[in-house]
Amino acid sequence: MQAAKALTLEDLTSFCIRRGFFLPTGRIYGGIRGFYDYGPLGAEMRKEILDDWWYYFVRRRSDVVGIHGAIITHPKTWEASGHVESFFDYLVTCRKCGKDYRADQLLEDLGFRLQTPTLDAISRVIRENDVRCPECGGELSEPQPFNLMFVTYVGPKRGAASEAYLRPETAQLIFTNFKDIYYTMGMKLPFGIAQVGEVFRNEISPRGFLFRLRQFTQMEIEYFVNPKKANECPFFDEVAGMTVQLLTAEQQERGEGEPLRITLAEAWECGYIGSQWHAYWIGESLRWLVRIGLSPHRLRVREHVKGELAHYAVQTFDVEYYFHFMGWKEIEGISNRGDYDLSRHQQFSGKTMAVEDGGELVIPHVIEPSFGLERIILALLTEAYRLEAGRPLLALNPRVAPVKVAVFPIVAKPDFVRKAREIYAMVKEHFTAIYEEKGTIGRRYYDADEMGVPFAVTIDGRTLEDDTVTVRFRDTKEQVRVPVSELVSTLRDLMARWDEVSRRRAAAPASEQSL
RNA sequence: GCGGCCGUAGUCUAGUCUGGUAGGACGCCGGCCUGCCACGCCGGAGAUCCCGGGUUCGAAUCCCGGCGGCCGCACCA
């Protein structure tokens with residue numbers, strides 16, 4: 001007997017690569033850290049999640065519109081946003097032993113206090129105090145800026161004048177377009193602008209499969225409210241009664257790790273969450289995360305402590321998911337950005353960002369739910385992955401499953417094959433579907449289970465007699481027989497009632513499984 | 001970026017210490033068999049042994065450098 005071993009991130013990584021969810025980019029050349037390509041199943045899953053997000057947060061609502069911004073935009077954007085300033089670190093290299101140090105950190109370790117770690121300040125402190133390499137005593141190089149934004153050049157000439165950045169967040173495209181959207185769409189406060197897209201961060205050390213990437217996808221909403229009406233959210237009733245696990249900054253500063261179990265109404269009334277709109281967006285976010293298949297008990301809301309707050313943030317809560325192999329990790333950040341961004345763009349562009357509300361001009365305050373798509377996919381796969389009799393099965397919610405239906409002739413005889421292909425063609429018009437005729441029927445069911453296909457349709461001898469097929473459920477293995485004429489509507493109905501259909505699933509959560 | 005461990009067909013892996021041009025399993029392809037839950041039979045293809053350099057008559061194996069991965073530290077808008 002081999003010792004039982006819990007599912008690890010490595011197991012999940014190799015499962016994803018083997019089944020074609022993700023591939024390390026440029027793999028035939030050895031790959032490149034922090035970048036992954038989506039394979040066929042991953043690409044389908046990504047699209048399902050994106051579509052559902054867009055439906056839930058944009059199309060379903062009348063107060064949110066969507067945009068799709070450019071990846072390279074005017075460089076001034078990133079000066080105004082504070083990214084140029086706070087995305088730079090400085091490296092100094094020992095001229096003798098070649099070791100690199102982060103300049104501000106080295107100086108701090110040696111007891112020097114810098115108000116602002118600018119190039120000049122660092123350089124001066126090093127020179128005036130004859131700071132040397134702590135390892136070998138060698139002379140240090142001039143500080144080199146290390147930019148966490150990817151730099152590129154616009155046009156044929158390389159140089160300072162043509163320098164531009166790949167966007168490190170989608171939010172700024174919303175802020176720079178704010179006034180135009182406000183006018184062209186005739187928006188009135190409060191309202192939101194949503195955007196989905198790729199962002200790029202030149203991380204020093206990408207880690208954890210999909211967890212820290214250099215290119216990833218954000219799904220963001222910037223929701224603009226009149227600061228005087230920060231506590232007048234007309235939708236608050238929809239989430240007020242939701243109980244959440246909340247870990248406040250205060251608790252963390254006291255060293256407490258056990259979150260409060262508290263309703264959003266209480267969390268707001270007690271002042272843990274600073275504004276009603278902020279509490280509303282926390283609730284609405286959690287509802288969507290549960291809707292696509294994450295368990296409420298594995299989701300908690302953790303407030304950023306002081307040192308953790310971003311340069312723009314008034315108050316931030318992370319929605320964290322419990323990954324049993326690495327603990328609680330952020331999958332979404334929900335920040336109150338105040339008027340930081342709009343004020344900065346007003347200042348840098350010289351154009352007013354104030355809009356009219358209730359007879360006065362205001363610069364709106366912003367609540368920003370920002371979802372990391374790849375982290376959410378990682379959470380969904382972690383939650384869905386389980387072993388049944390030694391074989392992997394993905395119990396994905398049909399909303400996000402890359403393939404919804406598998407169609408099989410029970411054996412590959414011409415009559416069955418002909419009928420099965422006919423049914424496959426019909427099903428494919430309505431759902432993402434696959435067809436397979438090779439191998440035993442059990443084998444094909446298990447392969448489909450591994451891809452997370454919720455329903456398998458089988459054509460057998462009876463189909464040719466009375467035009468019915470069996471529909472098999474991935475999670476319970478139970479089957480129902482339905483007329484071909486009602487197949488599509490039955491499948492649609494089963495997906496709509498999924499929570500009920502899957503309630504009987506017997507398998508334990510992945511964290512309690514062993515390999 | 002630092003330290004430790006690691007890199008062999010699509011996947012998992014034997015072989016590495018004690019150098020003699022790679023073996024298995026799963027998967028894949030072709031054929032047969034199969035009538036509701038993987039692991040029936042026969043045949044076959046598939047390996048720059050991560051990359052580059054060095055030592056050697058000879059390197060998957062030893063040495064150096066690089067790339068990539070995992071863990072820890074640091075970093076994390």
Side-chain angles (χ1 to χ4, degrees), chain A residues 8-11 13-20 23-35 39 78 81-89 91 93 98-102 104-106 109 135 146 148-149 167-169 171-172 199 201-209 211-214 218 304 307-313 316 318 325-326 329-330 333 335 337 340-341 368 370 388-393 408-413 415-416 437-450 456-464 469-474 476-479 481:
Chain A
T8 63
L9 180 57
E10 255 179 299
D11 297 330
T13 306
S14 79
F15 172 82
C16 286
I17 294 171
R18 181 165 53 83
R19 292 294 350 191
L23 303 159
T25 198
R27 199 172 176 224
I28 60 170
Y29 297 109
I32 172 165
R33 299 179 82 179
F35 297 95
W78 308 109
S81 71
H83 286 86
V84 168
E85 191 181 336
S86 56
F87 255 50
F88 271 98
D89 288 323
L91 286 182
T93 306
K99 205 166 156 65
D100 293 330
Y101 299 94
R102 249 192 67 178
D104 54 335
Q105 230 168 11
L106 177 67
D109 288 350
E135 290 289 312
F146 174 76
L148 268 58
M149 287 193 286
R167 64 181 179 194
E169 63 171 24
Q172 296 306 324
V199 300
R201 299 179 183 185
N202 199 1
E203 295 287 350
I204 297 171
S205 180
R207 276 287 158 97
F209 185 34
F211 200 77
R212 191 181 305 162
L213 299 168
R214 285 178 169 139
Q218 285 185 328
H304 276 202
E308 211 177 350
L309 279 176
H311 59 272
Y312 53 69
T316 296
D318 283 347
F325 42 74
M326 56 183 182
K329 294 282 186 185
E330 177 193 2
S335 282
R337 296 177 77 127
Y340 178 86
D341 300 277
E368 175 201 66
S370 175
E388 282 186 4
R391 291 190 61 105
L393 176 145
F408 305 135
I410 192 148
V411 284
K413 285 189 174 170
D415 285 354
F416 294 146
E437 60 187 47
K438 272 181 284 192
T440 65
I441 190 68
R443 170 59 190 280
R444 284 174 277 161
Y445 284 151
Y446 279 110
D447 276 351
D449 289 345
E450 207 174 342
V457 172
T458 303
I459 287 75
D460 59 13
R462 232 180 105 181
T463 309
L464 303 182
V469 291
T470 59
V471 175
R472 170 203 183 257
F473 301 81
R474 175 195 62 205
T476 60
K477 314 290 186 278
E478 72 183 314
Q479 287 186 323
R481 187 168 276 277

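What you see is a predicted model; the values in this text were computed from it and never measured. Atom set for the values below is all heavy atoms of this structure, side chains included, hydrogens, waters and symmetry mates excluded. Here is how names work: the chains are called A, B, and so on, in the same order as the sequence lines, proteins then strands, and each is numbered from 1.
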Self-check item: First of A:Val411 and A:Pro206 reached from the 5' end of RNA chain B, by closest nucleotide
Solution: A:Val411

Exercise. Identify, between A:Glu169 and A:Ile459, the residue whose nearest nucleotide on RNA chain B lies closer to the 5' end.
Key: A:Ile459

Between [N] and [X], is there an OP1 or OP2 to side-chain N/O distance shorter than 4.0 Å?
X	N	answer
A:Lys438	B:C29	yes
A:Arg443	B:G27	yes
A:Arg27	B:U11	yes
A:Arg444	B:C37	no

[atom1] of [X] versus [atom2] of [N]: gap in Å, rounded?
X	N	atom1	atom2	result
A:Ile17	B:U11	CD1	P	8 Å
A:Arg18	B:U11	CZ	P	10 Å
A:Glu450	B:U11	CD	C1'	11 Å
A:Arg19	B:C26	CZ	C1'	13 Å
A:Glu10	B:C70	CD	P	7 Å
A:Asp449	B:C39	CG	C1'	16 Å

What is the distance from atom [atom1] of [X] to atom [atom2] of [Y], rounded to the nearest 0.5 Å?
X	Y	atom1	atom2	result
A:Glu169	A:Asp341	CD	CG	7.0 Å
A:Ile441	A:Thr470	CD1	OG1	7.5 Å
A:Glu10	A:Phe325	CD	CZ	11.0 Å
A:His311	A:Arg337	NE2	CZ	7.0 Å

Exercise. Could you tell me whether A:Ile441 contacts a base, only the sugar-phosphate backbone, or nothing, with contacts defined as non-hydrogen atoms closer than 4.0 Å?
Key: sugar-phosphate

Quiz item: Under 4.0 angstrom, heavy atoms only, what part of the nucleic acid is A:Arg33 near: base, sugar-phosphate, or nothing?
Solution: sugar-phosphate

Could you tell me how far [M] sits from [N] if I compare only their [atom1] atoms? Round to whole Å.
N	M	atom1	answer
B:C39	B:C57	C1'	47 Å
B:C49	B:C62	P	15 Å
B:G27	B:U21	P	30 Å
B:G69	B:C50	C1'	11 Å
B:G1	B:U8	C1'	30 Å
B:C32	B:A25	P	24 Å
B:C33	B:C41	C1'	7 Å
B:G53	B:G72	C1'	31 Å

Could you identify the nucleotide paired to [N], looking across every strand shown and requiring Watson-Crick or G-U wobble geometry with both distances under 3.5 Å?
N	value
B:A45	none
B:G58	none
B:G72	B:C2
B:U18	none

Any donor-acceptor pair under 3.5 Å between the side chain of [X] and the base of [N]?
X	N	result
A:Arg212	B:C75	yes
A:Arg207	B:G69	no
A:Glu308	B:C76	no

Measuring from the side chain of [X] (C-beta onward, heavy atoms only), which nucleotide among [options] has the closest atom?
X	options	value
A:Thr470	B:G35, B:C37, B:C36	B:C36
A:Lys413	B:C37, B:G35, B:G69	B:G35
A:Gln479	B:C12, B:A38, B:C36	B:C36

Quiz item: Just wondering, do A:Pro24 and A:Ile17 contact through their side chains at under 4.5 Å, heavy atoms?
Solution: yes

Exercise. Could you check if a side-chain atom of A:Arg462 sits within less than 4.5 angstrom of a side-chain atom of A:Ile410, using non-hydrogen atoms only?
Key: no

Self-check item: Salt bridge A:Asp447-A:Lys438, side-chain N to carboxylate O under 4.0 Å
Solution: no

